[in-house]
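Quick notes on the structure that follows.
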Protein chains: 2
Amino acid sequence: MTASSAEERLARWRTALQAHGYRLTAARRAVLRVLARSERALDATQIFDLARRQAPGLGLVTVYRTLEALQALGLVQRVHCNTHCASYVAAEPGHQHLLVCRGCGRVWYFGGDDLGSLMQSVAGESGFVVEDHWLQLVGLCEACRQAEQAEGSRSGCKEEAVK
Amino acid sequence: MTASSAEERLARWRTALQAHGYRLTAARRAVLRVLARSERALDATQIFDLARRQAPGLGLVTVYRTLEALQALGLVQRVHCNTHCASYVAAEPGHQHLLVCRGCGRVWYFGGDDLGSLMQSVAGESGFVVEDHWLQLVGLCEACRQAEQAEGSRSGCKEEAVK
DNA sequence: CCTGAAACTGAAAATCGTTTTCAATACGAG
DNA sequence: CTCGTATTGAAAACGATTTTCAGTTTCAGG
Ligand SMILES: [Mn+2]
Ligand SMILES: [Mn+2]
Ligand SMILES: [Zn+2]
Ligand SMILES: [Zn+2]
């Protein structure tokens, strides 16, 4: 499901950052690596904890600043949910939406949604002009669904550890 | 577009709260009134400022607490956006989605979206089971679109004051 | 009407996530 | 290698939300 490989993304991101005058520092590279390789949306603290393993002196501030840069270039996108809306995931190029597993938190991408007729009907009634739409699906992935099957007997922890 | 009238909502909310053991205090009533009558999503501080006119001694804490109660009963819903996701709007009963005007912030409700086929195709490819979906449209309402027309000459403030 | 238990209140303090400030450091074009 | 500038992390500042707490109010029951 995940369209780009982590290494592809990483290369793309590095190029994009440099092309826009950003410098490639060790701290920044560690953050990029974590985010590019993650299958799930991560918030600043989670990125911090993971990236710190590769870049010991890393500061949480730098995570925030790198996220800001990546977002400005459209390389990552925020993932909203019922609780906090402060997690980020790699953005695939082009128009796409997210599919989030409520079990493991992993994220898939999909496009090919046709909301054209819906938007027209909405616009038709009132004088409203729809400029943007925002769609997110939540469900259970194959793995988590099977894990939920084998539940009942055990108090299974369906949340997989973050790498 | 707005399905229920403000007074309908207010009555419904009061009943629901009392049915669940919540008490109807002056402070709480003021918050309810503001939210039930608002055409746009409001955050805690905006509710506080509006409700304080009717309930002078009102504390911001009570606004938070009332929002929590309303949300627990599914009477209000959070509105997400690019910036902060801390605004709330009355939730219409049943499945529906939001249409938000980026000009004035007013909110409309709509249903009748058919995402069944989309969800099936997503589910078909992987073993994913879609359990919920979440859709929000952003655009310009009739009034704000016209106001934007008459712009160009003036530096028109398209944001209408909050009641 | 009273009464009392429990829910509710607002002020203040605590806490959380994020941003700003700043002096020291590292990047990378030349 | 050199230098101008972007970047760094620590600490302080910040805004939004939550917790604590002692006094107040609601409302079911008598
Ligand atoms: Mn789409
Ligand atoms: Mn729907
Ligand atoms: Zn899963
Ligand atoms: Zn959100």
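Convention: sequence-line order gives letters A, B, ...; per-chain numbering from 1.
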Discussion item. List the residues meeting side chain to side chain contact (heavy atoms under 4.5 Å, CB included) with A/V79, not counting sequence neighbours, and say none if there are none.
Written reply: A/A41, A/V89, A/L98, A/V100, A/Q136

Discussion item. Any side-chain N or O of A/Q18 below 4.0 angstrom from OP1/OP2 of C/dG28?
Written reply: yes

Worksheet entry | Residues in side chain to side chain donor-acceptor pair (under 3.5 Å) contact with A/N82, at least two apart in sequence or another chain | none

Worksheet entry | Note: B/R106-B/E142 ion pair, threshold 4.0 Å (strictly below) | no

Listed pairs, N/O of protein and of nucleotides 16-18 of chain D, under 3.5 Å:
unit_1, atom_1, unit_2, atom_2, d
D/dT17, OP2, B/Y64, OH, 2.1
D/dT17, O5', B/Y64, OH, 3.1

Worksheet item: What is the distance from CG of B/L58 to P of D/dT25, rounded to the nearest Å?
Response: 15 Å

Practice prompt. Identify, residue by residue, the members of residues 22-32 of chain A with a heavy atom below 4.0 Å from DNA chain C, and return them in order of residue number, or none.
Written response: A/R23, A/L24, A/T25

Discussion item. Run the side chain to side chain donor-acceptor pair (under 3.5 Å) test against A/R14 and tell me which residues pass, sequence neighbours left out.
Written reply: none

Response to the item:
Sorted by chain and number, sequence neighbours left out, ring-ring contact (aromatic ring centres under 6.0 Å, His included) with B/F110 holds for B/H97

Worksheet entry | Listed partners of B/Q120 passing side chain to side chain contact (heavy atoms under 4.5 Å, CB included), at least two apart | none

Worksheet entry | d(NE2, A/H84; P, D/dG15) in whole Å | 23 Å

Discussion item. I need the full list of side-chain hydrogen bond (donor to acceptor under 3.5 Å, both in side chains) pairs touching residues 20-36 of chain B, with sequence neighbours left out, sorted by first then second residue.
Written reply: B/R33-B/Q54

Fill in: Euclidean distance, atom CZ of residue A/R14 to atom C1' of C/dG28 [Å, nearest integer]
16 Å

Item to complete: Could you check how far CZ of A/R65 sits from P of D/dT5, rounded to whole Å?
Response: 19 Å

Discussion item. Give me each pair satisfying ring pair (Phe, Tyr, Trp, His ring centres under 6.0 Å) with a member in residues 25-80 of chain A, each pair once, sequence neighbours excluded.
Written reply: A/H80-A/W134, A/H80-B/H80

